[in-house]
Structure formats: C-alpha cells, structure tokens
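Quick note: numbers below take in every heavy atom, side chains included, and nothing from hydrogens, waters or symmetry partners. Quick note on labels: first sequence line is chain A, next is B, and so on, each numbered from 1. Source: prediction; values computed, not measured.
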There are 2 protein chains.
Amino acid sequence: MRDPAENGQLALLLEVAGTPKPGNVDRERDYGDLRFEHFLAGAVGARTGLRAAADGASIGTAFESSIEGMSGQSGGNTQFGALLVTVPLVRAAADGRLTPDGVTETVEATTVEDACAFYEAFEHVGVAVDDPPEGLDSLDVRRGAAATDALRERGATLYDVMALSADRDGVAAEWCSGFERSFEAAGWLLDDEGPIHRRASRAFLRLLAAEPDTFVITRNGETAAEEATRRARAVLDGEADADALAEEFVARDINPGTTADITAGALFVALERGLEV
Amino acid sequence: MRDPAENGQLALLLEVAGTPKPGNVDRERDYGDLRFEHFLAGAVGARTGLRAAADGASIGTAFESSIEGMSGQSGGNTQFGALLVTVPLVRAAADGRLTPDGVTETVEATTVEDACAFYEAFEHVGVAVDDPPEGLDSLDVRRGAAATDALRERGATLYDVMALSADRDGVAAEWCSGFERSFEAAGWLLDDEGPIHRRASRAFLRLLAAEPDTFVITRNGETAAEEATRRARAVLDGEADADALAEEFVARDINPGTTADITAGALFVALERGLEV
C-alpha cells in the first residue's frame, strides 16, 4: 500500500521515534537546539527528494533534493546520513531489486554528476565530517559546489567518493558493502515483536554494540566510541539500563548518529519486506 | 519554503507530538492498540490527499484520498477529524485566502459530489459518530457509499452535510464558523514561546478548557465531557498537573479527539503564518 517514497519517509519518522536510543534525539529526548520537532520537519521536507528517487531521478539529484527539503527547519542537520542510506535503498526498491546485490548495482551505477550533486547537498546544511584522506584536500566535502571541478577532473563518481571514506564513515561503508548492516538489522526488526519504537531501540543498540559509531569517533574520539559500544553491549546483556544510558549520553553529547542512520535504513528495508505498522 | 501540503502534513505530526494532551496519544503516551507510530504512518499516508488539496482537486476528492492514505496502518482512525479540519485550510492557503472569510468561501463552494466523496471516506476506516438528526437516517455517514443516492436526491453539498451536525460535532462547527477556533488557537501558538510540542499542549488545554469536546460527548457522555473541560481549566489555573491528568484520562479512555483535531488545524494556520520549526 505504501510505495518506496512513503516508506522512506516513514522510516525516518520511525527512526527518530525509536526510544531509548542512547545519545540520540528520540521520542522522549531532545538536545537543547536539536529537537524531535526538527526531525519531524526534516522528514516532511525530505519527501520530495524521496519521491524523486522512487520516480527515477539520478541518485545524486534525488539526494540533494531530499537534503534541501530536510534543511527547511531551524535545528540544522537532522537526517543527512539517514537519507544517504535511504535514498539508494528507495531507488533499489522502486526498481524491484531491494537486495544487497541490487542496491550495489544501484550505487555502482552512480556518475560524476551524482558526486557533484552530493557535494552541493553540503551547501544546504552543516554536517560534522572528518578531514579528507591525505592528498585529497580538493575533494573535501566541506568545499561544497567548489569541489565539482576537482570531481570532474578526476572522473570521480559518487560511488568512488564513498569508497574513499568507507574505512572511516559508517554510511559510506554501507554503500561499499551491499548495505550489509541495514539488511541485517532489518531482519532483527522483522523477527522482533511489539511496538516499533521499541524494536527500533533494540536494533539500534545491537548495531551500536557490534561496531563503534563513526560519528562519535569524528566528534568525540575513538575512546568515547569504544565506550559507547561497550556500554550498549552492557545494556543488551542486562547489566545496564538503556534509559539511564540515554540520559547520560545526551548530557555528555555522545551522539551515535551513524548508528541511527543505519537504523533508518534498516527500518526502510523492514517496511518494504512487510513490517506492519 | 514548505508549501501548504507540506505544512498540512507537518501539522498532523506536530499535533500528535504535542505533550501532554490529556486523553490523547502524544509523544509520551500510547493507547494499547492505537500508538504514536500509527499516527506517524497516518500522516505519511495522508500526504497524497493533502497534495491533491493544494493542487486544486475538489475538497471531497482530496479528503477521501487523504483518508484512504491515512488508513494504511493497523491502528484504525488516527486523523480523520484532523484531516477534515486541515484539508479545507490547505486548499484555502493554496488559493491565497487563508482567512476565516476565505476558508468559508472554500467550504461553501463544496458540491454534492464532495459530499459523496466524504461519505466514501467512511468506507476506509471506522469512525465513532453520533446517530444522524431525527428523520435523516438516509444520510447516516455510517452508510458510506450507500448514502450517495440520498445525497444526490436531496442535492446536499458537503457544506450542507456539515451544517446538519454543526451543533453536535466540533469539526463540523469549524466548517460553519469560519474555522473560528482553529484561527484563534493559531494566534496562541504564535504568541507562545519555546518548543512546539509544549505550545501544542498549551493550545490543546486552552481549547479543551473553553468548550466540551464533542468526541468525548459521543463516546463517554456529557458529564465526562464537562469534567474534561473543568479539569483542563484546573491545569491552566495551576491547580492540577497536566501529566497526571494525561495518565488518568488515558486510563479512563476519555479521549478529547475533536480538540486535538482543532489543534492540528491551528498548527497548520500557525505554520502558514510563520511559526518557525
């Protein structure tokens, strides 16, 4: 009944509603200047780009459109990473190939123009990112549209750009691994029971317990990221309380945002595979 | 930046996120089988109908489309009344006349075909309604599409249908009063400060304190509706706690849903008039 564009938007909404998701905005927690309502408005604004992805626009154009719409609220970056996971999945679903191989074909088919549109998306909103790899300053995403000449000179497609940072960005790693973690967590969501805001919380914790969050590495350092993973595991082992951890991480500004992005991708795949809302 | 269809969808989302709204699903409260996630999915599904309203489809067709989309979740009726308030406001905004007079022109221009589409919307979802007025059994909305012959014989427009129940249905009363309460509460939202989920809560309480909720009258009786109004006033007077009242009303299944519907309309008007998210 819902088409992939609609399920993409719903995945964004179900992701932010999932609670507790330690360190992230969720149904019960806001950061001071980044609140639940900003994520609602971000999801509303992203719909046009998700619709474009489902209707056959290029991945880069659809993504840039989704970010332009998402950024029409005052909270800043709400769903940049979540959309970078979700937009190719929406396209793959619309093409009837929502599998690891199918979405790999989708992202491998991206072009230099897709890469240019991706860089232009950074003009709409501030995103916390690492420095580019050694010797690739000309491809720093923070250059925005100013980097497009360098992209064209190198003939770098959007897939190439993602491959450059797959070792230190969890979303880029999804692009280069058949969206492995999104599909795995979709299975957890489907096998789980009860309200979806609790399933999303559990999937988030399992993802975080399995791998350090690259957004935490970027913003807080490796030690904090390892701590977040260790403490998520303690929650899953019944040795710590998820709500208490959520309060603590928000207070310390330890925000496992990449894990939330992959949770959004997982929710999308689960919705397409029959997760009933 | 957001157009009226997008603001319509965002109004639905901000309404359900508003907390506490005693007796309603909100960011912090679910009913057992009617949960926050159902409202998220309802808002996602309603977007196509809201888009149709903004793009010039007839009010009845746009409304019926929004309800068809809204009903694509397992919680049942989430936003029937909210959409019945919001769809004409979206149209009026798209036509550049989002004023009490402008939206009155919009609803007075509805036709018999709009009325037929409205009745067809009841085929998509169960809605708790009163018996029709004496002698008008043939126009009972619960007849759904079976009532269309009677509508055509009487030449009853959708506005005429609303006028028949304006004295006992708060949404119909909005149609017949220039959406007076929606516009008034939009002013409260704009004059208020702080996060929108708290502004929505306060606007809801002021609406409930001012007039008994007709959905509570239908489902729980006049005494319960008068109690709800009295106790909302006590919260506003600082004599009672809103969260405690919210817990109690959910436990007693006293659901001032019409007041929530009008809150959604107020949020839409406020968004169109510059409420920043």
Please classify the contact of Thr48(A) with chain B as side chain, backbone, both or neither, using a heavy-atom distance under 4.5 Å. both

What distance separates Arg206(A) CZ from Arg181(A) CZ, expressed to the nearest 0.5 Å? 11.5 Å

Under 3.5 Å donor-acceptor, His38(A) side chain and Arg35(A) backbone: yes

With only heavy atoms counted, which part of Ala17(B) is less than 4.5 Å from chain A, the side chain, the backbone, both or neither? side chain

Relative to chain A, which of Asn7(B), Leu40(B), Leu271(B) shows the most heavy atom pairs under 4.5 Å? Leu40(B)

List for me each residue that meets side chain to side chain contact (heavy atoms under 4.5 Å, CB included) alongside Ala146(A), sequence neighbours excluded, and say none if there are none. Arg143(A)

Heavy atoms only: give me the nearest Leu34(B)-Val25(B) pair and the separation to one decimal. O-CG2, 3.3 Å

Is it true that Arg47(A) and Glu6(A) make a salt bridge, defined as a side-chain N closer than 4.0 Å to a carboxylate O? yes

Out of curiosity, Asp213(B) CG to Thr259(B) OG1, how far, rounded to the nearest 0.5 Å? 3.5 Å

Do the charged groups of Asp192(B) and Arg198(B) touch, with an N to O distance under 4.0 Å? no

For Glu276(A), is it the side chain, the backbone, both or neither that has a heavy atom under 4.5 Å from a heavy atom of chain B? side chain

Best-contacting candidate, Thr19(A), Val277(A), Leu14(A), against chain B by heavy atom pairs under 4.5 angstrom: Val277(A)

Can you list the residues that meet the salt bridge (charged side-chain N to carboxylate O under 4.0 Å, His left out) rule with Arg273(B), with sequence neighbours excluded? none

Chain B contact via Asp26(A) - side chain, backbone, both or neither, heavy atoms under 4.5 Å: backbone

Which residues share a side-chain hydrogen bond (donor to acceptor under 3.5 Å, both in side chains) with Asp30(A), sequence neighbours left out: Arg27(B)

Within residues 64-86 of chain B, residues adjacent to chain A where the heavy-atom gap is under 4.5 Å: Gly72(B), Gln73(B), Ser74(B)

